[in-house]
Amino acid sequence: LLECVLAPDPAPQWQRLVAALARELAAAYERIGAVQGHPLSSNLGEPEAALVSYARAEALLAPFESGGDEETLLRVASVSLRRAQVLRARGDLPGATVAFERARAVGERALGRTDSREAMSLVGEVYAELARTGMELRDRSAEAAAARAMELAERLLARDPADAALRQNLGSALNALGAARLGAGRLEEAASSFARAVEVRETLVRDRPGDVEFRRALMVSYGSLGDIQGYRPGENLGDVAGATAAFERTVALARTTAADDPADRRARFDLVNALLRLGALLTEASDGTASALAHLDEADHLNRQLLAEEPESDRYGYLQLALDRR
């Protein structure tokens, strides 16, 4: 079929048929990649295998991208986004930035042809990720990316204010805006954005307590809020009590998810991170040493298990250094 399409004058019906087939196969590889090692999905801890799956998806889509319809363009953007997220988790920020920019460019092309919910949601997610990565790189474009994510999220939510997925989109955009404001040194504004994200996501978890992704998103927002309240060295508001409460909520959420699926490395990584933050914060309190050590010991035990399973992981290695220091 591919030979028919790539011939000098392929029949239009063949072109459409094989483009649709390529999208389906690419979507399958994208789903496989998520299970293998996508850091924002429940996964098996195999990020290199995930990158191979995403590369196969991109190769399938490549012949149809230049003249592709919005469905093809959105699939290309989605695969590029997922690959970028894996690269960032592996510590390759330059490679991740290139992939995020590709997802943005292709996604905006698709938005030029359709304002569908799928297109706006995907492109909004790309801009939120660009904002977070830009903040890590101290890139001044981060806030503009966050503003674009907010614009798309609010436009979508206006169509259906009760829709849970659209409320989740708004929470992601608010978190991205908080990260961008933090990168610009505007701590009060950043805290306000993170607090709004917590409010949005608490209602989602209240409505759907069994939804793992909603629960994790809430955990991320609490972690961001606690960081800026009293944890980030030299970049916090001095509210240690508020930070402690936020981190305690983060640990509770992470512990529930890890208990639900002990094989999920993402869930165990989240729990390690939450325990480390709370333990490190408690070491600063005169009466918190014993509790701090209990949290740090548990985190150390869990992270050493993760390192044994995936010794080349930058994320687990970095956490181990932080744990050893504490």
Side-chain angles (χ1 to χ4, degrees), residues 40 128 132 135 164 167-168 170-183 185-260 266-303 319 322-323 325-326:
L40 303 182
R132 282 186 280 270
M135 189 277 287
R167 287 153 60 200
Q168 173 76 317
L170 179 61
S172 296
L174 284 164
N175 242 46
L177 183 59
R181 286 172 166 174
L182 174 59
R186 300 205 301 276
L187 302 189
E188 292 281 359
E189 293 178 56
S192 176
S193 295
F194 291 137
R196 275 194 66 200
V198 163
E199 291 174 4
V200 170
R201 288 172 164 174
E202 277 285 13
T203 64
L204 289 168
V205 171
R206 182 196 63 209
D207 294 344
R208 296 188 186 179
D211 191 303
V212 172
E213 298 307 320
F214 287 172
R215 194 190 305 151
R216 184 177 191 272
L218 176 59
M219 181 198 69
V220 169
S221 290
Y222 267 116
S224 297
L225 180 60
D227 279 350
I228 202 167
Q229 284 176 320
Y231 183 65
R232 290 178 65 90
E235 283 187 314
N236 70 73
L237 299 173
D239 182 6
V240 176
T244 301
F247 288 164
E248 287 174 343
R249 180 72 169 127
T250 301
V251 168
L253 290 161
R255 197 182 296 284
T256 298
T257 302
D260 285 347
R266 181 188 70 165
R268 286 185 286 157
F269 168 77
D270 287 343
L271 180 54
V272 171
N273 222 326
L275 288 165
L276 170 59
R277 277 166 151 159
L278 180 56
L281 185 65
L282 289 173
T283 61
E284 307 300 327
S286 59
D287 58 348
T289 303
S291 180
L293 283 173
H295 288 98
L296 294 171
D297 281 341
E298 183 182 359
D300 182 67
H301 174 71
L302 291 170
N303 200 62
L319 277 182
L323 281 163
R325 175 177 175 273
R326 290 296 178 176

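The shown structure was predicted, so the numbers you read here are calculated from the model rather than taken from an experiment.
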| message | Under a 3.5 Å threshold, yes or no: a donor from one side chain and an acceptor from the other, between Y222 and E248? | response | no
| message | Side chains of T257 and R216: any donor to acceptor distance under 3.5 Å? | response | no
So, taking the atom named [atom1] in [X] and the one named [atom2] in [Y], what distance separates them when rounded to the nearest 0.5 Å?
{"X": "F194", "Y": "L182", "atom1": "CZ", "atom2": "CG", "result": "6.0 Å"}
{"X": "E213", "Y": "L204", "atom1": "CD", "atom2": "CG", "result": "12.5 Å"}
{"X": "R132", "Y": "S172", "atom1": "CZ", "atom2": "OG", "result": "6.0 Å"}
{"X": "L275", "Y": "E298", "atom1": "CG", "atom2": "CD", "result": "4.5 Å"}
{"X": "L225", "Y": "L237", "atom1": "CG", "atom2": "CG", "result": "9.0 Å"}
{"X": "L170", "Y": "L177", "atom1": "CG", "atom2": "CG", "result": "10.5 Å"}

What is the minimum heavy-atom distance between [X] and [Y], and which atoms define it?
{"X": "I228", "Y": "L187", "value": "CD1-O, 3.4 Å"}
{"X": "G178", "Y": "A190", "value": "O-CB, 3.4 Å"}
{"X": "A179", "Y": "M135", "value": "O-CG, 2.8 Å"}
{"X": "G171", "Y": "R201", "value": "C-NH2, 3.4 Å"}
{"X": "A292", "Y": "L282", "value": "CB-CB, 3.7 Å"}
{"X": "A322", "Y": "L276", "value": "CB-CD2, 3.8 Å"}

| Which pairs, with at least one residue in residues 228-247 and sequence neighbours excluded, count as a ring-ring contact (aromatic ring centres under 6.0 Å, His included)? | Y231-F247
| Note: R215-D270 ion pair, threshold 4.0 Å (strictly below) | no
| Can we say D227 and R277 salt-bridge, meaning some charged N sits less than 4.0 Å from an Asp/Glu carboxylate O? | yes
Hey, are the side chains of [X] and [Y] touching, using non-hydrogen atoms and a 4.5 Å cut-off?
{"X": "L278", "Y": "T244", "result": "yes"}
{"X": "L323", "Y": "L296", "result": "yes"}
{"X": "F269", "Y": "N273", "result": "yes"}

Exam field: side chain [X] to backbone [Y], donor-acceptor pair closer than 3.5 Å:
{"X": "R266", "Y": "L40", "result": "yes"}
{"X": "N236", "Y": "R232", "result": "yes"}
{"X": "T203", "Y": "V200", "result": "yes"}
{"X": "S192", "Y": "E188", "result": "no"}

| task | Determine, stepwise, if the pair D211 / V205 fulfils side-chain contact (heavy atoms from CB on, under 4.5 Å). | result | CA-CA 7 Å; D211 191 303; V205 171; over 6 Å; no
